[in-house]
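Shown next, in structure tokens, is the structure this report addresses.
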Amino acid sequence: MHALKNIRIAHHGQNILAVITKELLAQYQHLLPNLSQVKIFLPNMLAQRSIREEIQNQAKNINYDAIFPPEITTLRSWSNRQYANKKTVLSQYARELILVDAIKQQPDLFAHANPWGIANELLSLFDAMTLNDVKPIDFNTYYQDRKPDLTHALLHESDLIKVLWEAWREQTTDENFIDPTEAYINALKNINTSNRDIFYCVGLDQLSKTESDFLNRISKDSEVLFYTYGSNTSFNNRTDFYLKKFANTETQVEIIENIDMNSSTMLIDRVFEDNEQSIKKRAETFAKNFPESEFSKKLNTYKTNKFEQHCNAIDIQIRIWLHENLSNIGVVTTDRKLVRRLRAILEHANIIVNDDAGWALATTSAAVVVEWWLQLIEEQYPSRQLIALAKSPFFSKSDPELHHRAINYFEKEIVLKFNIHNGIHRYRNAIEKIQNTNNSVDENVLNYLTELLDSFENSAQLLAKLHGNESYSLQSFI
């Protein structure tokens with residue numbers, strides 16, 4: 001494998017975008033004001049705006065008020081634009097449907113599992129396998145050669161993957177489609193570059209074998225510079241697989257010196273460096289070496305047992321910073337409930353929140369409701385999905401109080417007592433039996449339940465016809 005010629009390692013405490021921009025403008029100043037032949041590959045597009053602004057600002061410092069900036073994109077997006085596949089490329093929704101269809105044709109493998117969840121996980125696995133040139137048949141050989149005691153335990157799982165892999169690939173081929181990952185691989189194998197092309201690879205720490213081979217191949221003819229964060233203390237012992245793939249005895253590995261080294265940047269380096277010591281041990285060592293760290297004045301802990309107090313504390317701190325004319329403020333959390341509440345509080349005070357992923361993540365429950373609705377049709381109105389759909393906030397209720405009483409009664413007195421778990425006619429029979437034998441039950445509740453079941457059935461008639469018509473394949477339907 002042809003190793004990359006240049007790997008540039010920045011300290012974790014450095015702004016790698018500023019470092020790249022400074023070196024790019026210094027090395028290719030003769031191309032200014034047109035930097036269009038330079039391509040910058042990022043792992044995603046989140047930093048695109050930041051690096052473009054950094055380039056424009058630093059260009060102004062050397063008297064270039066207007067420039068043609070480099071192309072800033074991802075490796076996948078760029079390669080897909082450079083090469084046109086002859087077959088139609090499947091959309092993400094279509095490929096999920098094909099795999100779900102394949103899963104449903106194997107009822108013995110997944111008797112009670114959710115096929116959509118399985119399909120989503122399997123597609124991620126299949127993508128990784130395809131990009132790394134791994135076939136399902138290799139699994140048993142791998143474990144037999146290395147850990148024979150695991151062979152029996154993993155035999156069932158490997159067989160499942162092999163069966164579904166083959167069914168999925170066969171169905172895709174029969175429909176004369178090409179999977180987007182295969183289309184991506186075709187592009188990487190067929191794209192050629194010239195000595196005029198300049199590529200900056202920034203933070204690509206999840207490269208597959210196919211992507212690695214591509215970058216190694218084009219580095220023979222084009223300038224390829226690989227920038228990443230790393231530890232400057234033990235590069236030769238690094239455990240990062242993606243760096244080892246690119247480095248050999250001929251690779252020039254250079255540590256970018258940080259001229260602004262202080263206790264703050266040293267702390268960031270110690271947190272993220274490749275070190276066998278535990279984070280606790282590293283923290284104790286750093287505290288001993290830097291007892292007066294600037295971070296001690298900037299890091300604070302606020303503890304509360306109440307969710308609303310937590311949100312209010314963040315709200316107050318943000319307002320304090322805004323009052324101090326600080327505008328580059330970030331909130332990092334995995335708690336989407338907190339994000340929704342905090343966003344509501346801040347926007348009520350006319351403080352605009354830039355949360356691109358917020359709406360999509362906050363409304364994922366809508367997708368779950370659609371899935372429940374489809375399951376009603378596919379699985380003959382299972383009680384669990386029917387109750388969940390009826391309790392959903394997306395479900396329209398003319399009389400919320402009556403609706404609440406009716407659904408509770410349905411769950412306890414019909415589903416549990418009669419032990420009915422699917423079949424809309426069974427629910428109706430149970431309601432009629434109660435009406436004929438028990439005069440103490442509120443007639444309004446029973447009538448409401450009957451109307452509710454009728455509305456479910458009537459609104460699902462069109463989809464039920466499509467579901468029952470074998471002439472429609474799922475991918476054609478989508």
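Only heavy atoms go into these numbers, but all of them, side chains included; no hydrogens, no water, no symmetry mates. Numbering of residues begins at 1 and proceeds along the displayed sequence. As the structure is a computational prediction, the values presented were derived from the model and not from experiment.
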*Could you pull out all residues at least two apart from Glu53 that satisfy salt bridge (charged side-chain N to carboxylate O under 4.0 Å, His left out)?*
Arg49
*Passes side chain to side chain donor-acceptor pair (under 3.5 Å), Asn195 versus Asp221? Steps please.*
CA-CA 5 Å; Asn195 56 7; Asp221 301 315; over 6 Å; no
*Which pairs count as salt bridge (charged side-chain N to carboxylate O under 4.0 Å, His left out) when at least one residue sits in residues 64-81, sequence neighbours excluded?*
Glu71-Arg81
_Heavy atoms of other groups near Phe307 CZ, more than 12 under 6.0 Å_ = yes
*Qualifying residues under side-chain contact (heavy atoms from CB on, under 4.5 Å), relative to Leu416, sequence neighbours excluded*: none
_Test of understanding: with side chain to side chain donor-acceptor pair (under 3.5 Å), list the residues that count as partners of His425, not counting sequence neighbours._
none
Side chains of residues 123-131: which donor-acceptor pairs under 3.5 Å do they make with residues two or more places apart or in other chains?
unit_1	atom_1	unit_2	atom_2	d
Ser124	OG	Asn120	O	3.3
Asp127	OD1	Arg95	NH2	2.7
Asp127	OD1	Thr181	OG1	2.7
Thr130	OG1	Phe126	O	2.7

*Using side chain to side chain donor-acceptor pair (under 3.5 Å) as the criterion, list what pairs up with Asn34, not counting sequence neighbours.*
Ser36
*Which residue pairs pass the ring pair (Phe, Tyr, Trp, His ring centres under 6.0 Å) test when at least one of the two sits in residues 38-57, sequence neighbours left out?*
Phe41-Trp78, Phe41-Phe199
_Partner residues of Glu451 under the side chain to side chain donor-acceptor pair (under 3.5 Å) criterion, sequence neighbours left out_ = none
_Does this structure show an ion pair linking Arg217 with Asp213, if we count only N-O contacts that are shorter than 4.0 Å?_
no
*asked:* Just to verify, what does Gln82 make a side chain to side chain donor-acceptor pair (under 3.5 Å) with, not counting sequence neighbours?
replied: none
*Who are the salt bridge (charged side-chain N to carboxylate O under 4.0 Å, His left out) partners of Arg428, not counting sequence neighbours?*
Asp454, Glu457
*Tell me the salt bridge (charged side-chain N to carboxylate O under 4.0 Å, His left out) pairs involving residues 184-197, sequence neighbours left out?*
Lys39-Asp197
*Worked check of side chain to side chain donor-acceptor pair (under 3.5 Å) between Glu23 and Tyr227*: CA-CA 11 Å; Glu23 296 194 356; Tyr227 284 78; 2.5 Å; yes
*What residues, two or more places apart in sequence or in another chain, satisfy salt bridge (charged side-chain N to carboxylate O under 4.0 Å, His left out) together with Arg169?*
Glu182
